[in-house]
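Order of the sequence lines fixes the chain letters, A, B, ..., with proteins taken first and strands second; residue numbering starts at 1 for each chain. As the structure is a computational prediction, the values presented were derived from the model and not from experiment. As a basis for the values below, the full set of heavy atoms in this structure was taken, side chains included, without hydrogen atoms, waters or symmetry mates.
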Amino acid sequence: MAAKIETETLTGDINIPSIQPGATAHYKSNPAKEDHNKFLGFPGARVENWREAAVEHMGELLGKYKSLRVFMDICVRCGSCADKCHYYIGTRDPNNMPVARQELMRKVYRKYFTPAGKLLPDSLTGASELTEAVMTEWYSYFHQCSQCRRCSVYCPYGIDTAEVSMAAREIMDHVGIGQKYCNEILGKVLKVGNNLGIEPHALKNTLEFVEEDVKEVTGADVRYPMDEKGADVLLVAPSADFFSTPHIEGFTGYGKVFHEAGVSWTVSSYASEFANFGMFIGNYDTMKKVAQRIRDAALDLGVKRIVVGECGHAWRVGYSFWNTLIGPFDFLDPKYPAPQHICEFTLDLIRRDGLKLDKSANDEFTVTFHDSCNVARGSRMGDMPGGQFEVPREIIKAVCNKYVEMDQNTIREFTYCCGGGGGLLTDELMDLRVKGVLPRANALKEVMDRHGVNTMAMICAICKAQFTKVLPNYGIPMETVASLHQLVSNAVVLGGKIGV
Amino acid sequence: MGGLSALSILFAAMFYAAAAALFFGFLSKIYQFAATPSPLKIPTAPAPTTALGAAGRVAGEVLFFTSLFKGNKWTWLGGYVFHVALALVLLRHLRYFLQPTPKLVELAGPPGVWAGIIMTAALVYLWIRRKAVDRAAYISLLADYFALGLIALIGVTGLVMKFVIRTDVAAVKSFIIGLVTFSPVEMPADPMFMLHLLLVMALMVYFPFSKLLHAGGVFFSPTRAQVDDCRERRHVNPWA
Ligand code: SF4
Ligand code: SF4
């Protein structure tokens, strides 16, 4: 990290910039190494006939994904999505307009899969062969999409650029053009059981450390068990929850909630990762394999329920895809949703008056809530559509006295991505990450200035890691970033209730 | 077809070819959309939790362009006015296809003329928008201007026949009824009508090979049409 990244001054307003073609064409994720690719079943390096192979694979995906099939044909280039992407707003590069990002694939689609594109000159149809230059664009710009789905909200046909990015990455992987960050991590989770590569003994140490810490601070014996057969609940958290700040404060909170609920729980050293980067690379089989470890662990430990921690994209995979990928969950207790989000668990306990809470413990904080994109636009909580917005807010309001919403156009279904999701949370993309946070940073800045907000709570491991790293570039301290269950953890009065 | 002029035969033949291209082209795309599997549940959340709710969501997109309204009010205005006017114009044109003219179609007559004017104006507005907004200009392809221009020309030739060089409406009607009943008659020797019809046939052929497929595709977009019942009902991926 050499030069300081140039940032705009926060004004509190989100402005749509004029286009600056090519502004970020040079951004490039590090390519995956041979063994990263091979381990996932992809060619180690770019194959000889990559062009034909890529086009052929695109044809295969068009036959397997209705989304891709329909989205390639029906975009009218109305531009409703064009100014909705945080990366466009932050970088001004027109290829970061969602429709333009899709067009990078659509022009190739036209060339090889439409009668007009095959017969007529490219200048008339806007078709393009899959040239080296196009592949360079693909690799750059499909790794400038965090798959946050904000564009999809505003599209008259619901065209979701995330689906296109996933397909593009899958095609690239298929011909040996992998991205290091995702593919290396997927190797770790499939070998060791988590993205960070934490071995079981190290995980055990961490859990003991948390246990001791809670004992020291509160005097209570709250357990943080690992691999305990016969526990009621298997807790699957993003592995960042075991090490990073403020993630671990949230993890501490989960344990306190279980403790107060009187529910026995355990983490699994075999499946100690909720994150599933298989989604980011659009590879169905990899996504399934990563998820499969969790099903296997649940069966092996004989648990009755699966509860999952604060992780945005993983909640999308868990909520929306698990039932398809690794279901049915007929071996779990049908009384509870499978999987259940820790927020659902906690709120349920609060509603049943099963947690004694001291709100004043959070009085130093004026809190706002950042809706994480995959939770907001790719999942649900509770029984009602939109529960994913209300459940976390209800918890925060139960544990804090001072709560403020950010601008309406930046929350709930309209939320802006943190700028680091979708497999982009890597150092070489720091420029992009800093620029991509701009709209969220402005919305946050506004409530900081106007309402004295000093804490932004969230339920996503990637959001937490991204914000703590990039917000300081804009003069917002990293301590502003909080886990939702960190606030819960602060407010829980241990031993205040008998389990309900 | 014994007594028909060569020109009438040519137009009749072209009309049938264009109609076939539209019908079979569109149908095959719709079949393709319908037949392609959805491996996973991907409704854009928050999404309806019942099939009825999802149908309502899609209906909202089709009838009111709800998401476009969220996205850009000015584009919505232009797009919505255009589509409603187009619907009225089409309804009015049924008078040339149906004998006797149904009451509803008759009622659509006078507003249909206004709609023709408004539709053409909306297309001009949408064209200017594409040129004036830098983002829209960047993403606009020749195909986008082509579609706008083609439909606008159809509108203009239609309006010319109404207001400038009046065409023989009765002759047009008998010609079209002849076509749709597969017993073609002599076509009116009106160049403006011929041009109008030629442009319409071009649009018919163009339709299934272009972005105009959004007209059918919108019903198949999984992010809008799917029901959010992921935990309650197991969605099975047919190919895994
Ligand atoms: S909003 Fe949808 S139809 Fe309009 S340009 Fe974007 S992707 Fe295309
Ligand atoms: S999914 Fe998000 S990051 Fe990707 S193009 Fe759409 S708005 Fe931008």
Side chain from CB out, backbone as N, CA, C, O: work out which of these in A/Arg316 comes under 4.5 Å of a heavy atom of chain B, or both, or neither. side chain
My understanding is that only one of A/Trp322, A/Tyr319, A/Phe321 makes a side-chain contact (heavy atoms from CB on, under 4.5 Å) with B/Cys230; could you say which? A/Tyr319
With a 4.5 Å cut-off on heavy-atom pairs, point out which of A/Lys288, A/Arg110, A/Glu344, A/Arg412 contacts chain B the most. A/Glu344
Name the region of B/Ala215, side chain, backbone, both or neither, that has any atom closer than 4.5 Å to a heavy atom of chain A. neither
B/Pro46 versus A/Glu413: any side-chain heavy-atom pair under 4.5 Å? yes
Rounded distance [0.5 Å steps], CG in B/Leu213 versus OG1 in A/Thr114: 10.5 Å
Can you check whether A/Arg69 reaches B/Lys29 side chain to side chain, under 4.5 Å on heavy atoms? yes
Checking A/Asp160 against B/Arg224 for the side chain to side chain contact (heavy atoms under 4.5 Å, CB included) test, could you report, in this order, the C-alpha distance in whole Å, the side-chain angles of both residues, the deciding distance, and whether it holds? CA-CA 10 Å; A/Asp160 180 6; B/Arg224 291 295 180 269; over 6 Å; no
B/Thr44/A/Ser152 under side chain to side chain donor-acceptor pair (under 3.5 Å): CA gap, chis, key distance, verdict: CA-CA 7 Å; B/Thr44 310; A/Ser152 160; 2.7 Å; yes
Scored by heavy-atom pairs under 4.5 Å with chain B, the best of A/Leu124, A/Asp285, A/Asn409 is A/Leu124
Which bit of B/Phe33 is near chain A, if near means a heavy-atom gap under 4.5 Å: side chain, backbone, both or neither? both
Counting heavy-atom pairs under 4.5 angstrom with chain B, the leader among A/Cys81, A/Ser80, A/Gly387, A/Ala116 is A/Ser80
From B/Asn72 CG over to A/Asp83 CG, what is the distance, rounded to the nearest 0.5 angstrom? 6.5 Å
Within 6.0 Å of CG in B/Leu52, more than 12 heavy atoms from elsewhere: no
Return the option, out of B/Leu142, B/Val236, B/Thr66, with the maximum number of heavy-atom pairs under 4.5 Å with chain A. B/Leu142
Where do A/Glu103 and B/Ile139 land on the side chain to side chain contact (heavy atoms under 4.5 Å, CB included) test, with the steps shown first? CA-CA 8 Å; A/Glu103 284 292 317; B/Ile139 57 176; 5.8 Å; no
Does a sphere of radius 6.0 Å around CG in A/Asp383 hold more than 12 heavy atoms from other residues, nucleotides or ligands, not counting ones at 6.0 Å or beyond? no
Winner by heavy-atom pair count (cut-off under 4.5 Å) against chain A, out of B/Glu61, B/Arg234, B/Lys211, B/Gln32: B/Arg234
So do A/Arg77 and B/Arg130 actually touch side chain to side chain, heavy atoms under 4.5 Å? yes
Counting heavy-atom pairs under 4.5 angstrom with chain B, the leader among A/Ala82, A/Pro328, A/Gly79 is A/Pro328
Tell me the closest heavy-atom pair linking A/Gly63 and B/Pro37, and the distance in Å. O-CD, 3.2 Å
Could you go through the side chain to side chain contact (heavy atoms under 4.5 Å, CB included) check for B/Ser67 and A/Val153 one step at a time? CA-CA 6 Å; B/Ser67 293; A/Val153 170; over 6 Å; no
Below 4.5 Å from any heavy atom of chain B, which atoms of A/Ile16 appear? Answer side chain, backbone, both or neither. side chain
So what's closer than 4.5 Å to chain B heavy atoms on A/Lys84: side chain, backbone, both or neither? side chain
Any heavy-atom pair between the side chains of A/Ser18 and B/Asp134 that's under 4.5 Å? yes
Using side-chain heavy atoms (C-beta onward) and a distance below 4.5 Å, is B/Ile42 in contact with A/Glu163? yes
What do you reckon, is CZ of A/Phe331 surrounded by more than 12 foreign heavy atoms closer than 6.0 Å? yes
Quick check: closest heavy atoms across A/Cys78 and B/Leu68, and the distance to 0.1 Å? SG-CD1, 4.2 Å
Most chain A-contacting option - heavy-atom pairs closer than 4.5 Å, from B/Val62, B/Leu141, B/Val133: B/Leu141
Hey, which of B/Arg135, B/Arg233, B/Arg129, B/His235 has the most heavy atom pairs under 4.5 Å with chain A? B/Arg135
Interchain contact, A/Pro115 with chain B, by part (heavy-atom threshold 4.5 Å): side chain
Measuring heavy-atom distances to chain A, does B/Ala47 have an atom under 4.5 Å in its side chain, in its backbone, in both, or in neither? backbone
Are the side chains of B/Glu232 and A/Asn323 in contact, using a 4.5 Å heavy-atom criterion? no
Side-chain donor-acceptor pair under 3.5 Å between B/Asn237 and A/Tyr284, yes or no? yes
Side chain, backbone, both or neither: which part of B/Pro238 has a non-hydrogen atom closer than 4.5 Å to chain A? neither
To the nearest 0.5 angstrom, please state how far the CG atom of B/Leu40 sits from the NZ atom of A/Lys66. 13.5 Å
Find out whether B/Tyr138 and A/Asn95 are in side-chain contact, i.e. whether some heavy atom of one side chain is under 4.5 Å from a heavy atom of the other. yes
Let me confirm one number: the OG-CG distance from A/Ser320 to B/Asp228, rounded to the nearest 0.5 Å. 6.5 Å
Kindly assign one of parallel, tilted or perpendicular to the pair B/His214 and A/Tyr157, based on the angle between their ring planes and the thresholds 30° and 60°. tilted
Of all heavy-atom pairs linking B/Ala45 and A/Ser379, the shortest is CB-O, 3.2 Å
Find the distance between CD1 (A/Ile74) and CZ (B/Phe220) and round it off to the nearest 0.5 Å. 10.5 Å
Evaluate ring pair (Phe, Tyr, Trp, His ring centres under 6.0 Å) for B/Trp239 paired with A/Tyr65, printing each intermediate quantity in order. CA-CA 10 Å; B/Trp239 50 259; A/Tyr65 289 87; 5.6 Å; yes
Looking only at heavy atoms, what is the nearest atom pair of A/Pro337 and B/Arg231, with distance? CB-NH1, 3.5 Å
For a 4.5 angstrom cut-off between non-hydrogen side-chain atoms, does B/Asp144 reach A/Val76? no
Between A/Met72 and chain B, with a heavy-atom cut-off of 4.5 Å, which part of the residue counts as in contact: side chain, backbone, both or neither? neither
Worked verdict on A/Arg380 versus B/Thr49 for side chain to side chain contact (heavy atoms under 4.5 Å, CB included): CA-CA 10 Å; A/Arg380 175 165 51 111; B/Thr49 52; 3.7 Å; yes
Might you confirm whether atom CZ of B/Phe23 has over 12 heavy atoms from other residues, nucleotides or ligands at distances under 6.0 Å? no
Specify which of A/Ala100, A/Ala376, A/Gly378, A/Gly126 makes the most heavy-atom pairs with chain B at under 4.5 Å. A/Ala376
